[in-house]
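Below is one structure, written out as structure tokens; comments come after it.
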Amino acid sequence: MSTSYDFDTVIDRRGTWSVQWDGVADRFGVDGLLPFTISDMDFETAPEVLTALRARLDHGVFGYTDWRLGDFRPAVAHWFATRYDTVIDTGQLVYGPSVLSQLSQLLQMWTAEGDGVVVHTPTYDGFRKAVTGLGRELRGVGLGDTEALERELARQDSKVLVVCSPHNPSGRVWTEAELTEMASLAARHGVAVISDEIHADFVHEGRVHVPWTRVGGDGRWALVTSASKAFNFPALTGSYGIVGRAEDRAEFLRRVETAEGLASPAVLSLTAHIAAYRDGAAWLDAVRAYVAGNLALVAERLNAAFPGLGWEPPQAGYLAWIDLRRAGVKDDEALQRVLVERERVAVMPGAVYGAEGFVRLNVGCARSKVVAGVEALIRGVEAVRGAA
């Protein structure tokens, strides 16, 4: 298989039921905007994955499946060994339809209504919706604020710490020392840990992702993730977890497979995961390098337009988390009006994640689209500064 990949060609996603493209009016109230929103990419998935999917389609039979059979678990073990230099116990694996569905099941296992769930702020909005939707109390602590973290974990009714590793929306990659400290604090206060590592495969050069399996020890914990983020196939559904304790694994699988009736996963998701983890490393390295170039372009354009901004690309991912307060933005709503009504672009406001004055710009796309987006953002910032 060739290792030369094309990320510059724009693929038209309109009319494909895309949340980012066709659903833009649902969030922004206007159709036809150029979107830089939900965290999927505009690229085709790896050709190695497409080849495997076509072969499975050609087989033509799509009966009930079992993720425990065949190559799925060995493929996951291979990925952790080759990508993260980490040996996992495949007997600890579980399977679920999505990372957030796994999070929901684990929260229901380990908390009761009214209990506290601790997260780092700014916070991925999916966490907030899951936690509050279950009637639990979301308790935020600032990134890197260890004193606040311990204070919240020490509260008698704080039952779970949700770690986004790497962090969304900031793109921060936690060090092994930071994760070890979190694990120690959680164990000290009897708090379970759910580590969402779906962005782990997109860690950029100079940083190293450390799976929670390396620091969790014999505490109560679960790592939840999927290949769908890095290899861009979330619409196939499918995710997996690693759950530390045997009794928790058994309860998780009982809930998913018996109570929820989800015993047979989507076969194309299994196929895609196996192909990605066995044969997709070269494509992932290539797309990650391309996205790093996109992020560098954003930094160059923004910092030239707003001297003193000093924006630096994230340590992981394809989401540019930008603090526009340094550029003089004081009215988030005014900026959004300009971006939507005048510039015709959709960019996620920081308020979605609990951070006024920020935006989250998705650059998992062709460079030409990135240029259009960052230039529109610059014009929007200049417009609201000039009107202030």
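Computed from a prediction, not measured in an experiment: that's the story for all the values here.
- Side-chain contact annotation: S269 with Y95, donor-acceptor N/O pair under 3.5 Å present.
- Proximity of a side-chain donor or acceptor of R344 to a complementary backbone N or O of L34 within less than 3.5 Å is not detected.
- Atom CG of N303 sits in a crowded spot, with more than 12 heavy atoms from other residues, nucleotides or ligands closer than 6.0 Å.
- Within the 3.5 Å criterion, the main-chain N or O of G357 finds a donor-acceptor partner in the side chain of D332.
- Residues satisfying the side-chain contact (heavy atoms from CB on, under 4.5 Å) criterion with A148, sequence neighbours excluded, are V141, D145, R151.
- The two atoms that bring V173 and A316 nearest to each other are CG2-CB, 3.7 Å, heavy atoms only.
- When side chains are defined from C-beta on, F62 counts as touching L57, because their heavy atoms get closer than 4.5 Å.
- In summary, E205 and R288 engage in a salt bridge, as defined by a charged side-chain N under 4.0 Å from a carboxylate O.
- In the model, Q315 has no side-chain atom that pairs as donor or acceptor with a side-chain atom of H167 under 3.5 Å.
- Between L106 and I194, the closest heavy-atom pair is CB-CD1, 3.7 Å.
- Using a 4.0 Å cut-off between charged side-chain N and carboxylate O, D125 and R128 make no salt bridge.
- The closest donor-acceptor contact from the side chain of T37 to the backbone of A346 lies at 3.5 Å or more, if one exists at all.
- The neighbour count for E247 CD, taken as heavy atoms of other residues, nucleotides or ligands under 6.0 Å away, is above 12.
- When the side chains of ILVMFWY residues are joined at heavy-atom separations under 4.5 Å, either directly or via intervening members, V370 and V10 end up in two distinct hydrophobic clusters.
- A donor-acceptor contact closer than 3.5 angstrom links the side chains of D42 and W21.
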From CA spacing to verdict: salt bridge (Lys or Arg N to Asp or Glu O under 4.0 Å), D157, R139: CA-CA 11 Å; D157 61 348; R139 295 175 178 170; 2.8 Å; yes
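- In this structure, R254 pairs ionically with E251, as a charged nitrogen and a carboxylate oxygen lie closer than 4.0 Å.
- For H273 and F231, the gap between ring centers reaches or exceeds 6.0 Å.
- Taking the side chain as every heavy atom from C-beta outward, L270 and P265 approach each other to under 4.5 Å.
- Under the 3.5 Å distance criterion, the side-chain polar atoms of W221 are matched with a main-chain donor or acceptor of G217.
- Counting heavy atoms from C-beta on, the side chains of R27 and I38 never come closer than 4.5 Å.
- Cation-pi contact between R367 and F7: absent, since separation from the ring centre below 6.0 Å together with deviation from the ring axis within 45° is not met.
- Using modelled atom types, no side-chain atom of S239 and backbone atom of S226 make a donor-acceptor pair closer than 3.5 Å.
- Looking at T180, its side chain does come within 3.5 Å of a backbone N or O of E176 through a donor-acceptor pair.
- With a 4.5 Å cut-off on side-chain heavy atoms, F36 and V374 do not count as touching.
- Residues passing the side-chain contact (heavy atoms from CB on, under 4.5 Å) test with R278, sequence neighbours excluded: P74, A75, H78, I274.
- For the pair Q336 (side chain) and D331 (backbone), a donor-acceptor distance under 3.5 Å is absent.
- Shortest non-hydrogen contact noted between H189 and L153 is CB-O, 3.4 Å.
- In this structure the side chain of Y318 reaches within 4.5 angstrom of the side chain of N362, judged on heavy atoms.
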Test side chain to side chain contact (heavy atoms under 4.5 Å, CB included) applied to V243 and Q92, step by step: CA-CA 6 Å; V243 181; Q92 294 183 321; 5.9 Å; no
Audit row: V352, R360, side chain to side chain contact (heavy atoms under 4.5 Å, CB included) steps and yes/no: CA-CA 9 Å; V352 171; R360 196 189 78 170; over 6 Å; no
Y290/F43 under ring pair (Phe, Tyr, Trp, His ring centres under 6.0 Å): CA gap, chis, key distance, verdict: CA-CA 11 Å; Y290 185 88; F43 309 125; 5.8 Å; yes
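- Counting heavy atoms from C-beta on, the side chains of W110 and D115 never come closer than 4.5 Å.
- Here the two rings, on W321 and Y353, have centers that are under 6.0 Å apart.
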V256/V94 under side chain to side chain contact (heavy atoms under 4.5 Å, CB included): CA gap, chis, key distance, verdict: CA-CA 10 Å; V256 171; V94 298; over 6 Å; no
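- Under a cut-off of 6.0 angstrom, the local environment of CZ in R73 is crowded, with over 12 non-hydrogen atoms contributed by other residues, nucleotides or ligands.
- For the pair R136 (side chain) and T111 (backbone), a donor-acceptor distance under 3.5 Å is present.
- Crowding of D218 atom CG: a count of heavy atoms from other residues, nucleotides or ligands under 6.0 Å not exceeding 12.
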Validation: residues 195-203 side-chain donor-acceptor distances under 3.5 Å, sequence neighbours left out:
from	atom 1	to	atom 2	distance (Å)
S195	OG	E197	OE2	2.7
D196	OD1	I198	N	3.1
E197	OE1	H209	NE2	2.8
E197	OE2	W212	N	2.9
D201	OD1	W79	NE1	3.0
D201	OD1	Y84	OH	2.2

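- Using a 4.5 Å heavy-atom cutoff, the side chains of F358 and P122 are not in contact.
- Considering CH2 of W283 and CG of N232, their distance stands at 6.0 Å, rounded to 0.5 Å.
- Under a 3.5 Å cut-off, the side chain of T123 and the backbone N or O of H120 do form a donor-acceptor pair.
- For the residue pair S104/Q108, the side-chain donor-acceptor check at 3.5 Å is satisfied.
- Connection of M348 to V345 is not established within any shared hydrophobic cluster, with ILVMFWY side chains joined at heavy-atom distances below 4.5 Å, either directly or through further cluster members.
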Trace of the side chain to side chain contact (heavy atoms under 4.5 Å, CB included) decision for D323 with W311: CA-CA 8 Å; D323 184 353; W311 185 78; 5.9 Å; no
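- A distance-only check finds no donor-acceptor pair linking the side chain of K229 to the backbone of G317 [under 3.5 Å].
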